[in-house]
Each structure stands twice: as C-alpha cells, then as structure tokens.
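Here's the structure, in structure tokens; my notes come after.
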Amino acid sequence: MTSGNPTKINSGGAVLMLQEVDKLSVGLRCRLTQPTIYYKMMQKILKSILLPIFAVFAALLTGAALMLLAKTNPVTAYTALFQESLTTYFGFSDTLSKTTPLLLASLGILIALRAGLFNLGGEGQIYMGALGSVVVGLYLPNFPIWIHLPLALTGGFLLGAFWGAIAGYLKVARGLNEVLTTLLLNYIAQNFVNYMVNEPLIAPDAPSPYTPLIAESARLPIILPKTQAHAGILLGLAIAIILAVVLSFTAFGYQVDAVGQNPTAARYAGISVNQTILAVMGLSGGLAGLAGSAEVLGAKYRLFENFSPGYGFDAIAIALLSRGNPLAVILTSLFFGILRSGANVIQRSAGVSITIVYAIQGLTVLFLAISLAFEFEKGVRSKGVGE
C-alpha cells in the first residue's frame with residue numbers, strides 16, 4: 001500500500017507539470033503569433049497606402065515624359081497646376097467645387113465595391129439626383145431654408161437611390177449583371193433628364209436648354225465668398241466619416257463586407273445576400289445622386305442639358321484608387337479635383353494640352369491595376385508554396 005502512494009503522487013505531479021508546460025507553450029505560441037498578426041496588419045495598411053501613391057507618382061512621371069515629347073517643360077506645368085489649384089483663393093475654391101461631386105459620387109461607387117458590386121451607373125445616378133433636387137427646388141419655393149434645403153437634398157438622394165436600386169433588383173430577381181445594367185441605365189437617365197430640361201422644365205425664353213433658377217431657400221450656402229465653393233464639400237466630408245464608421249463598426253458594415261468577400265459563406269452565416277445587395281445599390285445610387293444635387297443646389301442653381309463633364313466615370317477611378325477606404329476617397333477626390341481645376345491653367349501657363357490631364361487620370365488607374373495584378377499574382381504563388 002505504501003509503495004503505491006508515491007506512484008500516484010508522482011503521476012499526479014507529472015500531469016501537473018504537463019499542464020504547466022502546455023500553458024507555457026500556448027502562451028509562447030500566442031506571443032509568437034501576435035507579432036505576426038500585427039506585422040500582417042501593418043503590411044496590409046502600408047500596401048493600401050503605398051500602392052495608390054505609387055500609381056499617382058508613376059502617372060505623374062509618365063505625364064512628364066509625354067510633356068517632354070511635346071517639347072514642353074513638365075516642371076513649369078506641374079508647378080502651375082498645383083500652385084494655382086491649391087495656393088490661390090479662386091483656384092482653391094474651384095478645386096473644392098470640382099472635388100465636391102467627385103467625393104460624393106466616389107463614396108457611392110466605393111460602398112458598392114465593398115459589397116462586391118461594380119456600379120458603373122454613377123453618371124446616370126448623378127443626373128437623376130440633380131433632377132430630383134431641381135424639382136423640389138422649383139416647386140416648393142415658399143419653405144424656410146432649414147426645411148427646403150434638406151428636402152431638396154433628400155429628393156436628389158431618393159431619385160438617385162431609386163435609379164441604383166433598379167440595377168440591384170435586376171441582379172437579385174433576374175440575375176442580370178450590374179455592370180451591364182448600370183452602364184445602360186446611364187444613357188436612359190441622361191436622355192430622360194435632357195428631355196425634361198428641353199420640354200417640361202425649360203425656362204421661359206431660354207436661349208439654350210436649362211431650367212429656371214431654384215429658390216434661394218434650396219441653395220447650399222457658399223463657404224468662400226464670391227466663389228462657387230459651397231457647403232456640399234462639408235456634406236461630403238461628413239458622409240465619408242460616417243461611412244467609415246458604419247463600415248468598420250456596425251452590423252451593416254459587417255454584412256456588406258461579408259457579402260463582398262464571399263456571398264455563399266455570408267448566406268450560410270444567416271445574412272440575406274439579396275437584401276444586402278438591394279440596400280447597397282440603393283445607397284450607392286443615393287450618394288451618387290447627392291453629387292448631382294450638390295451641382296445644382298450649390299454651383300449652378302439650375303439644371304442644364306448635359307451638365308456633368310463625366311463626374312460619374314471619374315468616380316469609378318477614384319473609388320478603385322481608394323481601395324475600399326472611405327477616408328482615402330477624400331484625398332483621391334481632391335487629387336482628381338486638382339487635375340480638373342488646373343487643366344485649363346497648365347494649358348494657359350505652360351502650353352500643355354488639356355488631354356494630358358485626362359491621360360494622367362487614366363494612367364493613375366492603369367498603374368494601380370498593374371500593381372494590384374502583381375500583388376494578386378504574388379498572393380497566388382505564396383498560397384501555392386504554402387500548400
């Protein structure tokens with residue numbers, strides 16, 4: 001009996017020692033894993049920042065090469081471009097005015113991208129949003145500004161959201177690809193708005209197709225006196241911050257990302273993929289519609305035929321360049337706003353064709369696509385080696 005007790009004690013001690021060793025090994029694994037996780041997170045963040053910067057600088061360098069081929073001085077051209085757009089009063093105000101619709105429309109395209117949807121219909125949604133705001137601004141003239149202006153913005157958002165939701169419904173109910181439907185809806189929206197401006201909404205005795213001026217109570221306040229820089233830029237900044245918080249810290253943001261990354265897994269997790277697609281496409285169209293609202297309520301005060309110079313298509317490039325980050329959209333929209341604002345400046349100051357500016361915009365997206373392709377190929381190779 002006495003000889004059995006030490007054996008039990010020893011075996012019990014061994015079990016305790018094994019448990020302690022296991023705890024230590026778990027702790028060691030955690031300590032080894034945590035730096036790896038932090039390293040990968042930092043690497044991902046740096047990539048999301050550095051890749052767009054690389055794309056911009058590569059596009060600017062290529063643009064400089066094109067200027068040299070045209071026998072113009074790229075240093076003079078770029079100096080004029082950035083000085084005029086950022087350091088002069090009227091140049092900076094024009095940059096803000098150009099940035100506003102780009103920012104709002106890009107946020108709409110971006111949230112669709114986060115859900116794995118490619119919304120090419122920003123241009124049409126801008127037109128519909130402008131129409132919705134103009135109708136409210138024209139036919140509700142006796143309201144105070146604190147009622148009238150929000151109603152006009154809401155009208156633009158709702159009509160843009162309706163136009164975006166059409167593509168969402170066609171995808172959910174009929175399985176039609178949103179790339180095709182949103183692209184075709186652009187032409188329908190633009191021609192419908194042009195008809196409205198030419199026929200029922202045209203101003204009396206107008207020499208060209210445009211509507212009457214909207215009521216003053218429906219106009220966005222000017223933030224820089226004697227310029228077209230209006231409070232729409234503040235609205236865009238606020239929406240960008242709110243969208244960043246919603247996508248990062250709310251259940252809706254989780255649903256959007258889950259549907260975008262793996263719809264099948266999201267469905268198994270109990271997420272309604274169809275409802276999420278409808279909601280996202282509606283929200284995407286609504287934000288793009290606000291871009292049109294900002295143009296007519298803050299810059300033009302009436303609706304013109306073919307008023308958008310292609311903001312909806314620029315927004316696609318900006319959203320891609322921002323890589324899913326709503327806060328990054330602010331900087332990329334500003335960059336494209338600088339290019340649009342300074343295009344005429346470099347033509348006057350350095351004799352550079354305005355087409356160079358549009359080439360820089362396209363080259364920026366091209367270089368970003370090339371860098372993303374290399375990143376994807378590297379990830380595929382590393383995955384193959386791991387397996």
Side-chain angles (χ1 to χ4, degrees), residues 93 96-105 107-108 122 124-166 189-190 192-206 208-243 279 282-308 311-312:
S93 66
L96 291 182
S97 179
K98 297 288 194 302
T99 301
T100 300
L102 292 173
L103 174 59
L104 289 165
L107 291 171
Q125 292 148 16
I126 287 173
Y127 272 87
M128 296 304 288
L131 178 63
S133 291
V134 160
V135 169
V136 175
L138 287 175
Y139 294 107
L140 298 176
N142 297 320
F143 280 62
I145 187 170
W146 56 273
I147 295 177
H148 201 181
L149 179 56
L151 284 176
L153 289 170
T154 302
F157 177 87
L158 290 177
L159 203 51
F162 168 73
W163 211 247
I166 292 175
Q190 187 171 355
F192 174 69
V193 171
N194 287 343
Y195 163 75
M196 295 294 290
V197 173
N198 275 277
E199 295 294 338
L201 296 180
I202 192 170
D205 302 322
S208 60
Y210 57 74
T211 67
L213 290 170
I214 62 171
E216 291 189 6
S217 56
R219 300 178 185 180
L220 286 164
I222 297 296
I223 58 175
L224 294 177
K226 299 180 180 179
T227 72
Q228 287 189 333
H230 52 81
I233 188 68
L234 303 179
L235 176 65
L237 293 173
I239 291 175
I241 295 171
I242 293 170
L243 197 59
L283 181 57
S284 178
L287 292 174
L290 283 178
S293 300
E295 277 294 279
V296 296
L297 300 180
K300 304 182 186 301
Y301 303 138
R302 62 176 69 190
L303 184 57
F304 290 84
E305 184 181 31
N306 299 321
F307 71 94
S308 173
Y311 288 134

### Query
What do the steps show when you test F192 against L131 for side chain to side chain contact (heavy atoms under 4.5 Å, CB included), and what is the final call?
CA-CA 10 Å; F192 174 69; L131 178 63; 3.5 Å; yes

Distance in Å, [X] [atom1] paired with [Y] [atom2], rounded so as to fall on 0.5 Å steps:
X	Y	atom1	atom2	answer
L287	L243	CG	CG	6.5 Å
S133	R219	OG	CZ	14.0 Å
L297	K300	CG	NZ	12.5 Å
T211	F304	OG1	CZ	7.5 Å
Q125	L104	CD	CG	13.0 Å
L213	R302	CG	CZ	4.0 Å

Which pair of heavy atoms, one from [X] and one from [Y], lies closest together, and at what distance?
X	Y	answer
P212	L138	O-CD2, 3.6 Å
T100	A294	CG2-CB, 3.9 Å
P101	A291	O-CB, 3.4 Å
A130	G292	CB-O, 3.6 Å
Y127	V193	O-CG2, 3.6 Å
Q190	N306	NE2-OD1, 2.9 Å

Who are the side-chain hydrogen bond (donor to acceptor under 3.5 Å, both in side chains) partners of [X], not counting sequence neighbours?
X	answer
S284	N119
E216	none
N198	E305

With sequence neighbours left out, the residues meeting side-chain contact (heavy atoms from CB on, under 4.5 Å) with A189 are M128, W163

### Task
Using side-chain contact (heavy atoms from CB on, under 4.5 Å) as the criterion, list what pairs up with P200, not counting sequence neighbours.
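In terms of side-chain contact (heavy atoms from CB on, under 4.5 Å), with neighbours along the sequence ignored, P200 is linked to Y195, M196.
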
| Verdict with supporting geometry, Y311 and L103, side chain to side chain contact (heavy atoms under 4.5 Å, CB included) | CA-CA 9 Å; Y311 288 134; L103 174 59; over 6 Å; no

List the atom pairs, with distances to 0.1 Å, where a side-chain N or O of residues 146-155 and a protein N or O form a donor-acceptor pair under 3.5 Å, not counting sequence neighbours.
from: H148; atom 1: ND1; to: L140; atom 2: O; distance (Å): 3.0
from: H148; atom 1: ND1; to: S217; atom 2: OG; distance (Å): 2.6
from: H148; atom 1: NE2; to: V136; atom 2: O; distance (Å): 2.9
from: H148; atom 1: NE2; to: L140; atom 2: O; distance (Å): 2.8
from: T154; atom 1: OG1; to: P150; atom 2: O; distance (Å): 2.7

Sorted by chain and number, sequence neighbours left out, ring pair (Phe, Tyr, Trp, His ring centres under 6.0 Å) with F162 holds for none

Using the test ring pair (Phe, Tyr, Trp, His ring centres under 6.0 Å), find all partners of Y301 that sit at least two apart in sequence or belong to another chain.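 Residues passing ring pair (Phe, Tyr, Trp, His ring centres under 6.0 Å) with Y301: none at all.
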
I'd like a table of donor-acceptor pairs (distance under 3.5 Å, sequence neighbours excluded) in which one partner is a side-chain atom from residues 231-241, with atom names and distances.
none

